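Read the structure below first, then the notes.
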Number of protein chains: 2
Amino acid sequence: MPRKNLVSKEENAADVLPRPTLRTVAAEAGLAVTTVSRALADDPRIAEATRKRVTEVANRQGYVPNRAAQRLRTGRTKVISLLLNTRHEYLSFTSEFLAGMSEGLQGTGYAINITADSLGGDRLDVIRQIRRHSLADAIVFTRTECFDDRVRYLLEHGFPFVSHGRTDFTTPHPFVDFDNEAFVRQAIERLVQKGRQHICIVMPNERYTFGQHLRFGARQAAISCGAQLTIPEGVDLDSEPDEIAATLRALHAGPDAPDGYVCVGEVMALITLAGLNDMGLTPGKEVDLVAKRASPISNHFRPRIETVDEDLRATGRAMAEVLLARIDGRPMEEMQVLLKPNGPFSISG
Amino acid sequence: MPRKNLVSKEENAADVLPRPTLRTVAAEAGLAVTTVSRALADDPRIAEATRKRVTEVANRQGYVPNRAAQRLRTGRTKVISLLLNTRHEYLSFTSEFLAGMSEGLQGTGYAINITADSLGGDRLDVIRQIRRHSLADAIVFTRTECFDDRVRYLLEHGFPFVSHGRTDFTTPHPFVDFDNEAFVRQAIERLVQKGRQHICIVMPNERYTFGQHLRFGARQAAISCGAQLTIPEGVDLDSEPDEIAATLRALHAGPDAPDGYVCVGEVMALITLAGLNDMGLTPGKEVDLVAKRASPISNHFRPRIETVDEDLRATGRAMAEVLLARIDGRPMEEMQVLLKPNGPFSISG
DNA sequence: CAGCTCATTTATAACGTTACAACAAAAATT
DNA sequence: AATTTTTGTTGTAACGTTATAAATGAGCTG
């Protein structure tokens, strides 16, 4: 039980100095605390010479404003809450997305706070608490629905947010979205070009706006390409992989089986590949498959598949930028970002 | 430019009431602010009747302590920083782990803060800042190395942390780890049981402590099973998938190719599967493969593989518990958790 | 009943910051 | 030269909490 080992050892000189505050800076610069505060905030009332001296002293002392004090005084938190989807997410979405957001917020002083969606309970509760108790300056979330209750609530209360995905509300709001319409069109065109006639889209429920966009894009593309289209029910973001596999199996057992598959995401692709394999079908031979790709691991699916790329890190970065724009009150045009699929096609493997 | 739509509409009654504070509660209860503060903190100096009345009034008013004020006053942040590895992480690690930590911290008032590791720069910088400026009460990180500089720094300064993985330092410290030794032993035993004689472990670099454990366990198991063992160099957590594939190919081109593979993680498994496939080898026929599994997606690898499970959500929960134990100053035994592989074997698919 | 202890409660100050009103001195106006 | 204006700076208060010291009053002791 050598607990003593955990006790901090002799602090070195730099550590033992009192943490610099506005007071210590003001004292050294021979100014009032208020003046220092203003100088560091680039307040126009401060003379240039004073500002310069203050920043110099502040830097020398290694002054960093105390977040808690700022927060208490101003009510602003310098925190951005990311609503984490705590259902199983099997691929890299969260990780890459977070990394992108971190990059985008670098140097702004904003911290990212993970808030788990309340499992079971009303998912608005979490958001209400954030707003009521000023736990964050803005909120970010994913899996946006056509008439998303979170968007509605946040718009109604004028609370800053950025959604990953659009809504069907008439009131415009900040978002970052991937052009799923373009993706699915490209995917279908490619499959038709390879001679496929009956396309199946393995994609999540229509509850999500991006599901609608996919449907719309798919229908358009199917018509213009003269292809048949099947969009099976019972495939959703939170479906058990086995359910999805069963759905595909049932589809194939029917009279009129698809010969081309578009998979929205790598998990869907993996499940589809397994399903096809189990039915004795090989992509590249009897059928073809195009998937949305967000990581290099799909390069290692066998048989190889074709992909269209979505850059999740760039998505995270864009979210951060839009968030800052929203907080700064910049115009709506700068806060609605539609990211294009990366390159028309990249053959994996 | 319909910005007006974003402006908050008429606040409803509940919103317009002043945010309850200790003062409002004290006023209504006819007590001093200090008394209320103590009552809510379960201070033994407060009479039972008073405490009861206070909690009642506080609940009715919907009082929630102001974090910023508490933080300013006490210096404690009620924040836990998770150091996010911003290199590419292609599978569900971050997401599941975070979900588990959230669960474990539910109701404790602790928030999880994501701090990206400083790309390029000294990775200790981030940690130093957290400590210097009291940005968090504790730190969590993964990919722990045998003589991890982060662990050393944090131990030296007595700053609370929990590492995912152990170190080789003599000073004990809080950690949560997976029993990789048991995992690799089980995996090898299974492969030998299937008649395999030459086992290849596809695993990350020995820099990481868990890499060492894997090596150790593998050697022991190989000896006791009488199997040959190969651990290729050049496979690491941050290796490009293509590099790993090339390594395996080279290995197989050699005079004495392995016939059994242990893959530490699903990405490794996928890459290995692809490599074997490309070389015309089929698991279950010429070779066999056992992988560590942390998500159900490996059920959909084809050909099917056998797996040993690691529960990342449970890992996150354990991290949270250990963290709280550390902050509470509980004894070291409660803060060193070794999670066992889940069940001896589960045949996927 | 004075003196003392103990159990509660209270007043005050402080954490570090920023908003606000006030101020002094220099510059511009009359 | 007296005034207003401008420029730059300062002092005070407050955000909501907790630590510390002080105060109150009841109960007990001698």
Side-chain angles (χ1 to χ4, degrees), chain A residues 17-58 61-79 109-111 129 132-135 137, chain B residues 17-55 57-58 61-79 109-111 129 132-137:
Chain A
L17 281 170
R19 176 173 301 172
T21 68
L22 286 183
R23 259 225 323 277
T24 65
V25 175
E28 185 174 335
L31 290 165
V33 172
T34 307
T35 310
V36 174
S37 171
R38 290 219 183 103
L40 295 174
D42 280 337
D43 189 300
R45 283 171 291 188
I46 300 299
E48 197 46 53
T50 312
R51 184 193 328 285
K52 218 177 132 188
R53 186 151 48 94
V54 167
T55 46
E56 196 194 296
V57 174
Q61 291 195 8
Y63 169 77
V64 172
N66 179 315
R67 284 269 183 81
Q70 285 182 318
R71 184 167 165 178
L72 174 59
R73 188 61 248 245
T74 64
R76 263 161 279 130
T77 61
K78 286 275 186 180
V79 165
Y110 277 94
Q129 282 190 3
R132 290 249 178 82
H133 306 126
S134 307
L135 268 32
D137 292 344
Chain B
L17 282 169
R19 177 173 302 173
T21 68
L22 286 182
R23 259 226 324 280
T24 65
V25 175
E28 186 175 334
L31 289 164
V33 172
T34 306
T35 311
V36 174
S37 171
R38 290 214 185 107
L40 296 174
D42 279 339
D43 189 299
R45 283 171 292 189
I46 299 299
E48 196 46 54
T50 311
R51 185 194 326 286
K52 218 176 132 190
R53 187 152 47 96
V54 167
T55 46
V57 173
Q61 290 195 9
Y63 169 78
V64 172
N66 180 315
R67 284 269 182 81
Q70 285 182 319
R71 184 167 164 176
L72 175 60
R73 188 60 246 247
T74 63
R76 263 161 279 132
T77 62
K78 286 277 186 177
V79 165
Y110 277 94
Q129 282 190 4
R132 290 249 177 83
H133 306 127
S134 307
L135 267 31
D137 293 344

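Order of the sequence lines fixes the chain letters, A, B, ..., with proteins taken first and strands second; residue numbering starts at 1 for each chain. Predicted model only: the values in this text are computed from it and were never measured.
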If I take atom [atom1] in residue [X] and atom [atom2] in nucleotide [N], what distance separates them, rounded to the nearest angstrom?
{"X": "B:Arg23", "N": "C:dT12", "atom1": "CZ", "atom2": "C1'", "answer": "15 Å"}
{"X": "A:Arg38", "N": "D:dT7", "atom1": "CZ", "atom2": "P", "answer": "15 Å"}
{"X": "A:Asn66", "N": "D:dG16", "atom1": "CG", "atom2": "C1'", "answer": "14 Å"}
{"X": "A:Leu31", "N": "D:dT7", "atom1": "CG", "atom2": "P", "answer": "20 Å"}
{"X": "A:Arg76", "N": "C:dT18", "atom1": "CZ", "atom2": "C1'", "answer": "9 Å"}
{"X": "B:Leu135", "N": "C:dG16", "atom1": "CG", "atom2": "P", "answer": "15 Å"}
{"X": "A:Leu22", "N": "D:dG11", "atom1": "CG", "atom2": "P", "answer": "15 Å"}

Sequence neighbours excluded, the answer for salt bridge (Lys or Arg N to Asp or Glu O under 4.0 Å) partners of A:Arg45 is A:Asp43

Short question: side chain of [X], backbone of [Y] - any donor-acceptor pair under 3.5 Å?
{"X": "B:Gln61", "Y": "B:Thr24", "answer": "yes"}
{"X": "B:Arg19", "Y": "A:Arg132", "answer": "yes"}
{"X": "B:Ser37", "Y": "B:Val33", "answer": "no"}

Pairing donors with acceptors under 3.5 angstrom, does anything connect the side chains of A:Arg67 and B:Thr77? no

Answer yes when A:Glu48 and A:Arg51 have at least one side-chain N-carboxylate O distance shorter than 4.0 Å, and no when they do not.
yes

Check your understanding: Taking it one step at a time, do A:Tyr63 and A:Val36 satisfy side chain to side chain contact (heavy atoms under 4.5 Å, CB included)?
Key -> CA-CA 11 Å; A:Tyr63 169 77; A:Val36 174; over 6 Å; no

- Query: Heavy atom of residues 39-53 of chain B under 4.0 Å from DNA chain D: which residues?
  - Reply: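 Per residue number, the list is empty: none.
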
Expected list for residues 68-75 of chain A near DNA chain D, using heavy atoms below 4.0 Å, is A:Leu72, A:Arg73

Shortest non-hydrogen contact between B:Ala39 and B:Ile46, atoms and distance:
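That closest heavy-atom pairing would be N-CG1, 3.8 Å.
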
Value for CG (A:Asn66) from CZ (B:Arg71), rounded to nearest 0.5 Å, stands at 7.5 Å

Does B:Thr21 get its side chain close enough to the base of D:dG16, under 3.5 Å, for a donor-acceptor pair?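 No.
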
Between A:Thr34 and B:Gly30, the residue closer to the 5' end of DNA chain C by nearest nucleotide is B:Gly30

